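Both backbone and side-chain heavy atoms feed into the values below; hydrogens, waters and symmetry mates do not. In each ligand, atom 1 is the first atom listed, and ligand 1 is the first ligand listed. All values reported here derive from a predicted model rather than from experimental measurement.
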Amino acid sequence: MTKRVRKAVLPVAGLGTRIQPAAKVTPKNLLNVFDRPILAHVVAEGRAAGIEHFIFIVGRGQGAIEDYFDHAVELESGLAAKGRTEILKDVHSDLMNPGQMSFVRQMAPLGLGHAVWCARDLIGDEPFAVMLPDMLMDAAPGALAQAIAAHEAVGGNIVVVEPAPAGEAHKYGIVDLGETAPGFDGRLKAMTGMVEKPAPGTEPSNLFISGRYVLQPGVMEELGSHTRGAGGEIQLTDAMLRLMAREPFHALDYVGTTYDCGDTMGLLRANVAFALKDPACGPAARAALEVLLAV
Ligand code: UTP
């Protein structure tokens, strides 16, 4: 019987070089996608997957993240006084419950692996999720819910993957696959390895690691060695590879669409897609786009 996944680590302490200067004063993950910050969409995905505790790995100047998920007394009383109950309800829907969020300072952006390791004391001895909030994953059920269902079926560690665009696999972290697990429409496979940015033509598959994981606490021991990898950073993939020598890993080719919001074009695509699929605003968004495209 697998232990339930209750906690999620959300590393947000990176420099966000690809999206500057947009994220110079606003933390990258508080940039907007349609009607709310990227991070609010990702937290909603975590909640829908049953996550009870969100552990944000933050850096300097990211206090606004904590404020976003807390009450804003003046705003809320102003909305209540004006009778704007629908907006108030929407504002309230993103609030965390007391004790449901923790913030850990990474102190220096030494890499994704180092960011995850910063949560070690809060994770303790439980399996946990990692959600990379740059990656907005539009899916029903959500990407993390799909990963947790896979974890409940096969245990061990689960890495969410998806096909790289044609001819671009060499730009990503690509997985090497073994046997197909039962169920999941053949999308869940044993993982036998992974390689960062393989030389073109040497890719073991076309599936890249896309931003949601269910990991066993043993990965923290591996990260604790602080081994530097690509770019001089402490890489999560290196620690997972070492853990793979003693624990099972599966890759789940999830069903959904991913937007890399750490990049200006990805953020734009996400905004357009989320506006178009919104039941109330979709038709107006489509009409506005048609006008722009006709020029
Ligand atoms: P990325 O490399 O995609 O994000 O890391 P980045 O470093 O912010 O962006 P670029 O590449 O410079 O444009 C994936 C996730 O891991 C976090 C990032 O904030 C992002 O959410 N991260 C990365 C940390 O929290 N700490 C780090 O040291 C590195």
Enquirer: Are Gln106 and His114 close enough that a side-chain donor and a side-chain acceptor fall under 3.5 Å?
Expert: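 There is such a pair between these side chains.
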Enquirer: Give the protein residues with at least one non-hydrogen atom closer than 4.0 Å to an atom of ligand 1, ordered by chain and number.
Expert: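 If the criterion is a heavy atom under 4.0 Å, then ligand 1 touches Pro11, Val12, Ala13, Gly14, Leu15, Gly16, Thr17, Arg18, Lys28, Gln106, Pro109, Leu110, Gly111, Leu112, Ala115, Pro133, Asp134.
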Enquirer: So, the side chain of Gln20 versus the backbone of Leu15: is there a donor-acceptor pair under 3.5 Å, distance only?
Expert: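 Confirmed, Gln20 side chain pairs with Leu15 backbone.
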Enquirer: Considering residues at least two apart in sequence or located in another chain, which fulfil the side-chain contact (heavy atoms from CB on, under 4.5 Å) criterion with Asp278?
Expert: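 Expected list: Phe34, Ala280, Cys281.
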Enquirer: What I want to check is whether the side chains of Ser210 and Glu162 have a donor and an acceptor closer together than 3.5 Å.
Expert: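 Side chains of Ser210 and Glu162: pair found under 3.5 Å.
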Enquirer: Holding to ring-ring contact (aromatic ring centres under 6.0 Å, His included), I want the full list of residues that pass it with Tyr68, two or more places apart in sequence or in another chain.
Expert: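 Counting only residues at least two positions away or on another chain, Tyr68 forms no ring-ring contact (aromatic ring centres under 6.0 Å, His included).
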Enquirer: Does Thr202 have any side-chain contact (heavy atoms from CB on, under 4.5 Å) partners at least two apart in sequence or in another chain, and if so, which?
Expert: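 With sequence neighbours excluded, Thr202 shows a side-chain contact (heavy atoms from CB on, under 4.5 Å) to Pro198, Ala199, given in chain and number order.
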